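Below you'll find the structure, written out as structure tokens, and then a few comments.
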Amino acid sequence: MHCSCVWSSRALSPALLPRLLSHAGCWAPGTKPRGIWSSPRRLASAVETTQPIPLPSQARVVICGGGIVGTSVAYHLAKLGWTEIVLLEQGRLGAGTTRLCAGIVSVAKPISIECKMADYSNSLYEHLEEETGVKTGYVKTGSLCLAQNQDRFLSLKRLASRLNVMGIPCNVIKPKEVSKLHPLVNIHDLVGALHLPGDAVVSPPDVNHALATAAAGHGVQIHERTTVNHVMMEKGHVTAVETDRGAIECEYFVNCAGQWAYELGQASETKVSVPLHGCEHFYLLSKPLPEPLQPSTPVVMDMDGRIYVRAWQGGVLSGGFEKNPKPIFTEGRNQLEIQTMQEDWDHFEPMLSALLRRMPELEVCEIQQLVNCPESFTPDMRCLMGETPGVHGYFVLAGMNASGLAFAGGAGKYLAEWMTYGYPTANVWPLDIKRFGNLQSSRTFLRHRVMEVMPLLYNLKVPRWDFQTGRQLRTSPLYDRLDTQGARWMEKHGFERAKYFIPAGKDLLSLDASKTFYKPDWFDIVGAEVKCCKEAVCVIDMSSFTKFELTSTDDQALALLQHLCANDLDVPVGHIVHTGMLNERGGYENDCSVVRVKKNSFFIISPTDQQVHCWSWLKKHMPDDPQLHLEDVSWKYTALNLIGPRAMDVLGELSYVSMTPEHFPSLFCKEMSVGYANGIRVMSMTHTGEPGFMLYIPIEYALHVYNEVMSVGQKYGIRNAGYYALRSLRIEKFFAFWGQDLDPFTTPLECGREFRVKFDTDIDFLGRASLLHQRQEGVSRRFIMLVLEDHDTELDLWPWWGEPIYRNGELCGTTTSSAYSYTLERHVCLGFVSPPSLDGSPAAVTPDFINRGDYEVDIAGQRYPAKAKLYPFSSLFAQQRRRKDEMELSNFQGK
Amino acid sequence: MPVTSQLFRGFPLAKLWGSSLFPCQRQLPCCPTSHRPTSSQPHPIWPTAMPVRGYRRSPDLHSYNLTPPQVNSILKANEYSFKVPEFDGKNVSSVMGFDSNQLPANAPIEDRRSAATCLQTRGMLLGVFDGHAGCACAQALSERLFYYVAMSLMPHETLCELEAAVEAGRPLSPILQWHKHPNDYFTREAQTMYFNSLRTYWQELIDLSSPGESLGPREALLSAFKRLDSDLSLEAQVGDANSFLHYWVLRVAFSGATACVAHIDGSDLYVANTGDGRAVLGVQEEDGSFSAHTLSNDHNAQNENEVARIQGEHPPSEKKTVVRQDRLLGLLMPFRAFGDVKFKWSIDLQRGVLESGPDQLHDNEHTKFIPPNYHTPPYLTAEPEITHHRLRPQDRFLVLGTDGLWETLHRQEVVRIVGEYLTGVHQRQPLTVGGYHVTLGQMQGLLAERKARASLAFQDQNAATHLIRHAVGNNEFGAVDHETLSKMLSLPEELARMYRDDITIIITQFNPHVVGHQGTWT
């Protein structure tokens with residue numbers, strides 16, 4: 001298996017390093033060379049005598065993992081001017097997954113931030129040879145994503161729309177053109193393809209080597225055959241790393257250990273959760289074809305056949321992502337195992353058949369080898385990046401989901417920026433390791449989930465898919481009650497939430513058959529739930545929300561929140577405040593509702609997937625004060641949302657208290673009794689803009705309150721509703737949700753929420769300076785609502801999110817969420833637009849820009865006219881106006 | 001691939017014996033009724049008088065085109081699986097469960113099978129019974145033998161409690177938990193008689209033992225086998241006031257059956273064998289392959305010890321006649337069997353019993369037939385040979401089969417097929433390309449073939465069914481071939497017996513987490 005290393009072993013040999021490093025100094029003149037790798041003489045002797053060079057006793061950054069990810073982080077940190085960087089590799093550089101991976105750099109990735117990373121990696125690798133003098137095998141071959149059916153073709157067209165927004169060249173082409181670009185492809189069963197001319201192939205170990213060489217040139221010390229045993233911490237900060245060759249004191253530690261990142265995370269004083277799991281991945285190498293395949297032949301990705309094919313030494317390299325993956329290393333193993341992975345031809349059979357179907361001429365081609373190259377996968381198919389929630393200075397970059405090479409460049413850059421500036425230059429929330437917590441760290445969960453994730457890489461991804469494995473981990477106490485009433489479930493952060501309720505006697509299509517880009521089968525069901533919310537009353541179990549309690553003996557809690565929140569929290573007890581928690585840039589780190597329960601006690605309600613992120617944001621900014629106490633009470637309360645005009649009647653009857661707006665105005669919170677249960681936190685808000693109440697119920701009362709609500713509600717026509725109804729309601733009312741519409745780069749001003757910023761006080765909250773500056777300059781992007789016109793709900797493709805928005809034929813933004821509004825009987829998209837910049841500096845959005853433009857939304861290449869709005873339809877709000885609502889609306893209008 | 005050995009082939013009366021001396025009244029396997037003797041219609045004695053009934057009902061006898069689903073429904077008609085229940089998610093028994101199945105060649109089938117868990121003592125009992133000259137004896141064994149074994153295993157105190165309960169008219173605590181296929185039935189009419197015989201046996205066991213005593217499995221099996229055979233014989237001699245029962249006990253005694261029974265308790269496996277059924281252990285070697293370890297000796301002419309034993313038990317003058325044409329007295333293939341009083345009773349006794357027997361017997365020329373050279377009975381015994389084996393972790397499964405299986409497949413092949421089925425390894429070895437020149441097309445063909453082979457195993461949920469599929473459907477290359485299967489299964493019933501025998505199989509899977517790790521607790 002040694003010489004079977006696919007890539008020339010020469011590339012890995014450090015013997016080449018001295019020659020390269022001898023003139024390395026000339027392109028890194030700013031950095032004073034230090035450390036062993038910058039001294040050619042000592043390096044050479046190290047290689048020849050195999051006498052390991054002693055480790056330094058201290059460093060600023062220790063990076064664990066000498067694969068492409070680790071070297072990319074080191075490279076980018078060094079480029080950003082960091083010094084005293086030590087990179088440790090337990091075996092040899094690039095000896096893990098990097099050594100074996102297929103070497104395809106493609107921008108065909110499911111979400112935009114991933115496309116961005118791949119695009120950056122591509123241009124980085126392209127110029128690496130020039131920069132370092134190390135051959136990287138870079139060939140700009142382009143790639144062809146094939147579609148065997150219309151649904152696949154649609155998804156490729158959607159991808160093309162997204163790539164267009166980013167300025168990445170791509171062409172949707174006909175099958176005939178495919179055969180012009182690739183000599184071997186059998187096109188008879190194709191309906192079309194996407195050609196990505198910029199995609200490339202490289203030799204991954206060579207790129208790894210080049211990055212290592214460049215990093216070493218910038219002063220990074222690289223030590224092979226050094227194993228990190230333990231990461232030391234003190235008071236929540238990384239202090240040192242213990243290796244098998246001694247300890248290194250350090251401020252920052254970066255876990256780039258690939259397959260072993262999970263175990264390394266467990267091997268620190270405070271365990272760090274790195275939820276990833278390995279799967280075996282197979283690809284085939286053929287001997288050269290009778291007429292050798294040109295190196296510049298495009299890469300073929302036949303996702304319906306679950307395979308990819310690239311040219312390799314005159315033959316092909318072809319692998320795939322099978323339906324029945326083989327998870328591996330569940331119990332954890334050592335590095336050596338990766339060297340002796342077994343080939344499994346029977347397992348590869350479906351992919352071989354797909355290959356020969358796609359390229360029949362290969363039948364006569366001889367086999368060189370079947371390579372088994374384990375890859376690591378994460379619970380949601382996105383990589384893990386960023387600072388860990390519990391430990392300051394502990395960064396992670398791992399779990400590349402078989403795209404390590406394509407992501408390494410961009411991801412390394414983002415992580416380096418993160419460490420340097422406190423956050424990357426782009427929104428990486430979908431990749432942020434803080435989207436997971438300890439709850440995703442079970443090996444059994446990971447094993448089951450990655451078996452679903454790996455096939456998903458090449459599955460057709462339709463809107464609103466839910467994972468089927470690793471479910472029913474967190475549930476509300478009402479789960480069984482709701483399930484028997486026909487609830488269909490989705491999962492968020494491990495929590496089961498009802499999507500909608502199937503009426504008795506009805507059933508939907510099977511799971512597979514309901515996958516569509518068009519009108520879904522639940523359309524009428526959700527419509528009925530929405531109608532009930534509008535006309536009567538519905539109950540939605542929203543227990544998944546993250547709930548914190550912040551208390552203090554004095555006014556420390558208020559002081560902290562006044563510092564962190566953009567809105568004024570110094571309100572009378574019982575008031576609810578919607579507020580963002582902003583970062584220095586004024587962008588949303590969190591969007592929450594805060595209730596002042598007592599003078600010095602606050603109840604903070606945040607989105608479900610903010611549980612880890614919001615906690616760590618609060619902890620990070622909390623003074624070390626024993627009098628100030630933060631508690632996660634998410635599990636203590638069941639949250640029921642009563643939506644609709646009759647909600648007040650139901651609650652009134654259950655509590656013998658008048659719930660009319662006169663007695664219980666909007667955005668208030670009272671502790672009261674509901675049924676027999678006392679101490680229920682009743683809040684007059686609904687997260688949808690409809691009248692209604694949120695009930696925060698201690699869990700032991702949950703079933704009682706639910707039963708009471710349902711039985712009393714019967715005469716008011718109460719029914720269960722799910723999150724799809726909620727979504728439709730909030731989007732038609734132009735409510736932005738964090739994680740979907742709002743992100744750390746979006747400010748309140750950009751989404752028309754200035755009324756939620758305490759500009760009128762002189763309290764210096766986080767982000768205030770940036771917001772003031774922005775208010776001065778005007779915003780360069782604006783959150784708008786687009787109502788699709790001339791769009792046939794029955795026949796046309798539905799919008800999802802990420803669709804390009806055109807204004808007067810010019811690209812001006814993308815959508816962030818969309819839903820069908822049953823009230824408007826139109827599709828509503830929310831999204832951001834920005835005017836074209838004339839002189840390179842961003843232009844400010846003017847009302848005219850929004851109001852006087854012809855807008856179009858591009859769904860898979862087809863453009864639909866849309867009416868842009870800055871404010872919601874006031875007619876959508878129910879007649880009974882509430883005090884705060886009116887204030888908010890007047891604020892809206894006043895802007 | 002015709003079956004080479006038939007019980008009475010070559011003998012003038014082969015047809016009579018080979019069919020059914022006392023045709024069993026049982027309906028066909030496809031009618032899952034419990035046994036119901038036909039009192040409403042005359043008892044058909046002669047096979048020729050029987051209506052033509054068989055598992056195959058297609059009017060077109062000569063078209064061999066069964067579809068794969070038809071083949072499957074024939075093969076699966078009698079399959080049965082039992083999984084030992086788990087406690088706390090763990091199976092603490094040394095047995096994980098068993099798969100069993102049978103495929104008739106005779107109409108009706110003359111094989112029987114039984115499986116039960118002992119409730120008063122530990123362990124599990126499994127057995128296959130191959131009847132000849134009718135199914136009556138095999139049927140009786142399948143109902144009664146395990147009760148005799150269970151009684152023999154019980155300690156003195158338990159037997160006393162049992163007797164006290166019967167005495168006082170209290171309900172009995174259950175003795176066996178049966179694991180039966182719906183087609184496995186009990187003869188309801190005979191239960192009282194069976195019970196009385198059993199009670200006499202346990203009363204004797206009480207008398208012969210003293211408190212704190214119980215027989216070991218070896219002694220228990222030996223005693224149970226011998227006692228049941230002697231009870232069969234005695235019941236036939238005594239007869240019964242009820243003419244049906246009288247007729248029934250004679251049918252049982254005049255037909256015969258072999259028995260191969262396993263008793264598994266923790267890591268102790270005892271096999272008691274009478275006749276030519278066989279118990280073979282599947283042992284997984286370190287390299288993952290399977291080898292066969294036979295736990296029983298066949299009692300037939302191929303076994304020199306048996307020939308010597310029989311010749312030794314009779315005067316030298318009979319040396320040439322006692323085993324002729326590889327048969328006992330030139331007639332009987334198995335050298336040990338239950339029932340078959342024609343080979344056990346004196347001529348006078350046979351005549352006496354028959355004369356006093358029900359009228360139906362008189363019409364039967366055959367019962368009056370006395371084997372030639374019948375000088376020094378008994379010639380036949382039901383005494384089993386008993387083997388003890390201490391289970392090891394590498395012992396994966398036990399195959400109990402009637403001779404119908406073993407004469408079509410070599411035991412090594414049986415163990416390989418079952419082993420690969422159970423471990424899910426349908427390939428002999430993982431493929432490697434090594435240094436060979438293999439094209440992608442060749443590899444694809446090879447993989448497709450391996451996949452087809454694997455999917456064949458996939459369509460059986462039952463290891464015994466899978467084994468029968470091979471036993472019946474293997475072509476000359478040792479691969480299951482649908483055409484062969486279809487032909488073999490669509491033979492008209494009068495021909496089927498010429499090509500194959502009844503096949504009955506029980507495959508018991510051992511629990512590697514228990515076996516070999518710790519002793520005898522179950």
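Treat the numbers as computed from the prediction; the structure is a model and nothing was measured. All chains are named by letter (A, B, ...) in the order of the sequence lines, taking the proteins before the strands, and each is independently numbered beginning at 1.
With values rounded to the nearest 0.5 angstrom, B:Leu447 atom CG is found 12.5 Å from A:His347 atom NE2. Annotation: the span from A:Glu349 atom CD to B:Leu446 atom CG amounts to 10.5 Å, rounded to 0.5 Å.
Heavy atoms of A:Leu356 lying under 4.5 Å from chain B belong exclusively to its side chain. Of the two parts of A:Leu370, neither the backbone nor the side chain holds a non-hydrogen atom closer than 4.5 Å to a non-hydrogen atom of chain B.
The local environment of CD in B:Glu285 is crowded, with over 12 non-hydrogen atoms from other residues, nucleotides or ligands closer than 6.0 Å.
Donor-acceptor pairing under 3.5 Å is lacking for the side chains of A:Glu363 and B:Thr439.
Using a 4.5 Å cut-off on side-chain heavy atoms (C-beta onward), A:Ile367 and B:Met443 make contact.
B:Leu440 approaches A:Leu355 most closely through the heavy-atom pair CD1-CD2, 4.1 Å.
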